[in-house]
Structures are given as C-alpha cells and as structure tokens.
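Shown next, in structure tokens, is the structure this report addresses.
All chains are named by letter (A, B, ...) in the order of the sequence lines, taking the proteins before the strands, and each is independently numbered beginning at 1. It should be emphasised that the depicted structure is a prediction, and the values quoted were computed from it without experimental measurement.
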2 protein chains.
Amino acid sequence: MVFLRQGMQHVRSYYNSEAQMIRGGFPQPFISRTNKTSFLKPRSKAEIKVVAAKKHSEAEKRRRMRINGQYETLRAILPNLIKHGEIDFVMNQQKDKASVLAETIKQVKELKKKVSKLEQDSYGNSSKDVVKFPSGADRLNLEKCNNEEGLVKATLSCEDSLGLMSAISRAVGSVKTKVVKAEIVSVGGRTRSVLWVQGLGTDGMGMLKSSLKIAMHKPAFKMRHSTQ
Amino acid sequence: MVFLRQGMQHVRSYYNSEAQMIRGGFPQPFISRTNKTSFLKPRSKAEIKVVAAKKHSEAEKRRRMRINGQYETLRAILPNLIKHGEIDFVMNQQKDKASVLAETIKQVKELKKKVSKLEQDSYGNSSKDVVKFPSGADRLNLEKCNNEEGLVKATLSCEDSLGLMSAISRAVGSVKTKVVKAEIVSVGGRTRSVLWVQGLGTDGMGMLKSSLKIAMHKPAFKMRHSTQ
DNA sequence: CGAAACACGTGACTC
DNA sequence: TGAGTCACGTGTTTC
C-alpha cells in the first residue's frame, strides 16, 4: 500500500511545461535564426524540448530506482531494519531512508570495532603463544592471573640443563600444587619456561618463588645437543 | 565547487506558485463560505497556502540535509569512498550516492564475513589451546606440521612420574634435535605432553617415536602430590 | 552537444 | 489537522 505513490504526477509536469511554454518561448539567442523553416523536421523546437524533458525525466527515474534498489538491499542486509512478514502485505514496518542510513552507519561502526578487536585477539594469542625466546639474563617472575581464580603464572629464563625439569617439578611439588599447563622454549642452550600453577595460597607464592630460584640456579651439567 | 548547486531555484518555485494560483483558485469546497470576510486575519487563503508551501519546502529541505549528512558520514566511515585532499578545493573525487550505497553494501558484507570467520577462528583457537586433558589410555603420536618446515609435533599421554621429564628430554636429545615448544598438562596422576621438535629427519621420526615410547613406559615411582 | 548527478519545490499519502 | 516521508519532474552544473 505504500509504493503506490506514483500516478497523476504527469499532470503537474504538464502544467509546468505549459506554463513555461506560455511564459518562455525559445531562449536560445543565436540559433534562433535557423528556425524560420520549422517544417523540415517534424520536430518543432517545443517538441524537441518536451522530448528532451521526457528523456531527462526517465533518466532521473532510473537513477532514483537505482538508489532505492540499494536501499532495499541495505534493508535486507542489516538486521533491525525490516520486519516484513511472509508477504509484505501488512506488517511491513519500513524504516525511512534516514533511519536506514543511520542504522547502517551504526552497524558498520560496530562491525569495524568487532573486527579490530577480534583481529587483535587473534594476533595477541598468536604472538603470545607461538614463540617467546628465552632472555639472555636469568629471570624469574610470578604473577596472579586475574581472569582465573587461584591461578598463578610463573615465568623463568635460565641456562638449560638436563636436571632442570626435574628440579622445577620438585619445586612445584614442594608447595603442593599442580602445573595445569606449561610452555617451554629451549634455544641456544638457554630455556624459558612458563608454568601455570593452580591452587596456590597467597603465602605459597613466595615459597614457590624461592623454590624455583633454587631450582633454576642449581648447578647441573650443561645440555647443548647432548647425546645419550 | 560541488556544493554550490543551490541558488536561483526559488525562481521556478515562484513561477509554479504563480501558475497554480492563476490556474487553481481555492479548491476547498465547504470552508469556502467562511472566507467572506477575509480581513479578520491578515492572511488570505492564498497567503496561507504560500506560507504552508514554504513550511513544506523547508521541512523537505531539512529532510534532504539529514539524509545527505548521513551520506557524508558514510563516506567518511568507509574507505575507498572519498579521496579528498586537505581542502576539498580540488581533487575531491566524490562518489555519487548510488556508488556510496553500493560500496557500503559491499563493505558490510565483507565485514560480516570477516567477523564470522574471525569468531570461528577465535573459538577454534580457544578450544584447541586451552585445555586438552590427558587421555585415560596411553597414547603416542607423531605428525609433521605442514605449515612449518622440519617441524614435528609429538603428542603423548601416559602416567605421570617424577623422572618422566628427564626421560623425555633424553629421548629428544638422543635424536639430536631441539624441543622448540612444549605444552604439558598434568591432572589426576596422568600427564599429556605435546612437543614441537625442530630439525628432525624423515628417519628420525621413527627413532624419536621408539625413544619416546621407551621413556613413557619406563617404570618410575608415581607422582601424585609428591612432596620432594 | 548529451549524459549524469544533484538540489529543489510540490502533490500525494500516512499517522 | 499537521507534521513527516516519498516520488516526481525540472533547472543547473560538471564532464
């Protein structure tokens, strides 16, 4: 019921042309001397004008239809923009153009934000997971994982040795906890381990730290491409 | 130079009103008897009509401006839609409305696709990374990482023991390779280790596998909350 | 010159 | 009624 707007519009346009013809005449200044014999061509100047107007009008109509078609697809693409039932007979809650554009802008912004966030997460995970090489200097750091209850992340870099893993295992076992997950990178005779330790008390952190410190620096025979 | 289109448009509208007044008269059929004394109000019917037309025209202008403002922000939001320099003096390659809408539709589709893909990836990573508990049965599997040259991923599940790490280290060292990365999950007396081994020949894979098998099944005292 | 794009005012329609 | 929205034809500008 909404798209039956067109119709009876040519009446006004006809009047417009009429008024213009009555009022105007032929404003071209220097070609006017050629219209002395207006019977050579069946088109008079007025006819040329009206046919040009028709062309113009039709072209404009095509342009409008093109734009409105884009609006339609936009309405179809985005949610919250159209709620028409099976048949758009009744219950077609068409949003007006400005709202369509506004909603589009909103959704585009949200989508962009979402994409950047997801991409960052993806990259973050990658760069966090893939490889972090051991630092040259010995390091030991413990921190609580705030997004996980009772989870502590212990990061340590030191010289690699054959007994290191056992030493670390004993250190962790000494505080009655469990290593939920571990990441170990070994390169160039040095190693970097990240341990996620579950179920550690507040005072346990200090104990674990000192135990790990001892384990790290316990002298053991070096392991560089050791063959056994 | 583009937005100076308006101007001299009121001329046509004036003519239109004029033509309409000449042609029309006052088409209201039953209120016409009240206009016998048209001096009570300084507004005549024609004046009412023209002021209403003005209101209407201005409202329509506001609507147009609103829509065009949305177009502007849309142009600003999306890439590839505007390429104007510092000043939009010259070199303002404004895309027309239909193209703006078309480009918008395209970008929205791409963004949606991107979001769904990224979300899928994110979930995939999560479920792959976070926790894979050790399986109840002993398992040992080696596979080449096709996206990385010379990288082999060894997955093993077995009983946890204190000497297991050392045994695994020796097994890896026996084939003259390095563990680039390791993930270790230990729960309920069982452990699951994933080792990424770099620099392994084709025949080395079989050797590593048998070595790891021996290391896995070497009997050692159990480790369940062991205290040093 | 046309063709294309836009702003404009106006009639019709809806709520 | 009256405000809001739309389609339409037209004038103008740009290429």
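In this structure, the OH atom of A/Y71 is 13 Å from the C1' atom of D/dA7, given to the nearest Å. Rounded to an integer number of Å, the gap from A/N68 CG to C/dC6 P is 13 Å. D/dT13 atom C1' lies 15 Å from atom CG of B/D96, rounded to whole Å. Between the P atom of D/dT10 and the CD atom of A/E58 lies a distance of 11 Å, rounded to the nearest Å. Between the CD1 atom of A/I67 and the P atom of C/dC6 there is a distance of 6 Å, rounded to whole Å. Between the C1' atom of C/dG9 and the CE atom of B/M65 lies a distance of 16 Å, rounded to the nearest Å. Look at CZ on B/R63: it is 16 Å from P on C/dT10, rounded to the nearest Å. Across the protein-nucleic acid pair, A/K97 atom NZ and D/dC8 atom C1' stand 11 Å apart, rounded to whole Å.
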* Apply the test side chain to side chain contact (heavy atoms under 4.5 Å, CB included) to residues B/L195 and B/V172: give CA-CA distance (whole Å), side-chain angles for both, the deciding distance (0.1 Å), then the verdict. => CA-CA 9 Å; B/L195 313 172; B/V172 172; 4.1 Å; yes
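Close to C/dG9, at under 4.0 Å from its OP1 or OP2, lies no side-chain N or O of B/K61. Of the side-chain N and O atoms in B/R64, none sit less than 4.0 angstrom from OP1 or OP2 of C/dC6.
The base of D/dC8 does not come close enough to the side chain of A/E60 for any donor and acceptor atom to sit less than 3.5 Å apart. Side-chain N/O atoms of B/R66 and base N/O atoms of D/dG4 include no donor-acceptor pair closer than 3.5 Å. For a distance-only test at 3.5 Å, the side chain of A/H56 fails to qualify as a donor-acceptor partner of the base of D/dG9.
In terms of position along DNA chain C, the nucleotide closest to B/A98 lies nearer the 5' end than the nucleotide closest to the other residue of the pair B/A98 and B/S57.
At distances below 3.5 Å, not a single donor-acceptor pair connects side-chain atoms of A/T104 with backbone N or O atoms of A/L78.
Looking at heavy-atom distances under 4.0 Å, A/K55 makes no contact with the nucleic acid at all.
Ion pairing between a basic and an acidic side chain is recognised when a charged N comes within 4.0 Å of a carboxylate O; A/R63 and A/E60 show such pairing. We find that A/R75 and A/E72 are joined by a salt bridge, their nearest charged nitrogen and carboxylate oxygen being less than 4.0 Å apart.
Other residues, nucleotides and ligands place more than 12 heavy atoms under 6.0 Å from the NZ atom of A/K112.
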